[in-house]
Student: 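The following block contains the structure, expressed as structure tokens.
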Amino acid sequence: MPLEVDYITMGEAAERIGKPAATLRHWTDQLEEFKVHYVLRNNRNERIYEESDLKIFSFLRDLKEEYGRKTTSKDLSYLIEDKGKSGELQLRSREDAPPPNPSNRTTDLLNQADLKQLMESDRAMQVLNHMVLEATSNMKEKLIEEVRAEMMTYDNGAIAALQQIEERKAQREEQRHKEQMEYLKNIEEGMKRREERGREERLAWQKEQEVQRKIEEEAKKVEPESEKPKTWLQKLLGQ
């Protein structure tokens with residue numbers, strides 16, 4: 001009969017809530033730091049989660065996605081604490097999740113002579129140094145991953161704010177461009193209207209001059225002989 005596992009590892013829990021394991025670890029530390037909620041640990045001091053824990057951290061994830069940088073992690077912890085008091089979330093106290101007792105099994109297997117021999121062994125010291133460097137490197141990588149995850153949470157809010165600023169800037173530029181185009185359009189239409197009026201006035205003046213010229217020509221054709229001016233000889237002879 002297969003062994004039934006009634007807890008969830010950190011990797012599985014992180015995958016189910018859709019966040020990196022470093023982020024889940026950081027959120028777990030924060031809730032424990034604020035004395036709001038504690039998770040269980042196995043004999044190896046590894047965090048283990050239950051379904052009730054996933055509900056709590058899913059709620060925290062939704063709060064962070066909704067509020068982003070508008071509120072602090074401590075404020076969100078208070079909201080989770082209120083949900084626990086109302087019974088909507090099942091919170092766990094330190095008494096319900098005590099830290100595991102350290103095991104002395106390794107030291108019990110080694111006596112003082114064995115320890116002294118290991119300390120004097122160059123090979124053992126090389127292995128020990130390698131283990132220390134490996135552990136230090138892993139701790140450094142985990143710390144960097146946690147810091148990066150927390151920065152990403154804040155960066156998302158900053159990116160959203162910058163996007164809003166860029167959108168408002170683009171809207172203002174578009175409105176300014178429309179106003180400039182409308183202004184230039186009005187100027188162009190005004191110039192066209194003035195040119196049209198000038199052309200109409202020139203045509204009217206030319207037409208008036210043409211009519212006046214025709215009138216004068218017609219008047220010359222019908223002018224009576226007696227009204228023609230007399231020459232000096234006709235005036236002398238009295239004609």
Student: Applying side-chain contact (heavy atoms from CB on, under 4.5 Å), name anything that partners Gln90, two or more places apart in sequence or on another chain.
Tutor: Ser52

Student: Taking only residues two or more places apart in sequence or in another chain, which ones pass side-chain contact (heavy atoms from CB on, under 4.5 Å) with Glu65?
Tutor: Lys19, Arg61, Asp62

Student: Sequence neighbours excluded, which residues qualify as side-chain contact (heavy atoms from CB on, under 4.5 Å) partners of Leu40?
Tutor: Ile48, Glu50, Arg92, Ala97

Student: Of all residues at least two apart in sequence or in a different chain, which pass the side-chain hydrogen bond (donor to acceptor under 3.5 Å, both in side chains) check with Arg16?
Tutor: Glu51

Student: Please collect all salt bridge (Lys or Arg N to Asp or Glu O under 4.0 Å) contacts where either partner lies in residues 73-84, sequence neighbours excluded, each pair once.
Tutor: Lys83-Glu88

Student: Residues two or more places apart in sequence or in another chain: which of them pass side-chain hydrogen bond (donor to acceptor under 3.5 Å, both in side chains) with Glu195?
Tutor: none

Student: Sequence neighbours excluded, which residues qualify as side-chain hydrogen bond (donor to acceptor under 3.5 Å, both in side chains) partners of Glu12?
Tutor: Thr9

Student: Identify, with sequence neighbours excluded, every residue that meets salt bridge (Lys or Arg N to Asp or Glu O under 4.0 Å) alongside Glu196.
Tutor: Arg199

Student: Sequence neighbours excluded, which residues qualify as side-chain contact (heavy atoms from CB on, under 4.5 Å) partners of Thr28?
Tutor: Leu24, Glu32, Val39, Arg47, Tyr49, Phe57

Student: Just to verify, what does Glu46 make a salt bridge (Lys or Arg N to Asp or Glu O under 4.0 Å) with, not counting sequence neighbours?
Tutor: Arg44

Student: Can you pull the side chain to side chain donor-acceptor pair (under 3.5 Å) pairs that have at least one residue in residues 181-193, sequence neighbours excluded?
Tutor: none

Student: For residues 205-212, which side-chain donor-acceptor pairs fall under 3.5 Å, sequence neighbours excluded?
Tutor:
{"unit_1": "Glu210", "atom_1": "OE1", "unit_2": "Arg213", "atom_2": "NH2", "d": "3.4"}
{"unit_1": "Glu210", "atom_1": "OE2", "unit_2": "Arg213", "atom_2": "NH2", "d": "2.2"}

Student: Taking Tyr67's backbone N and O only, do any of them form a donor-acceptor pair with Thr71's side chain (distance below 3.5 Å, no angle check)?
Tutor: no

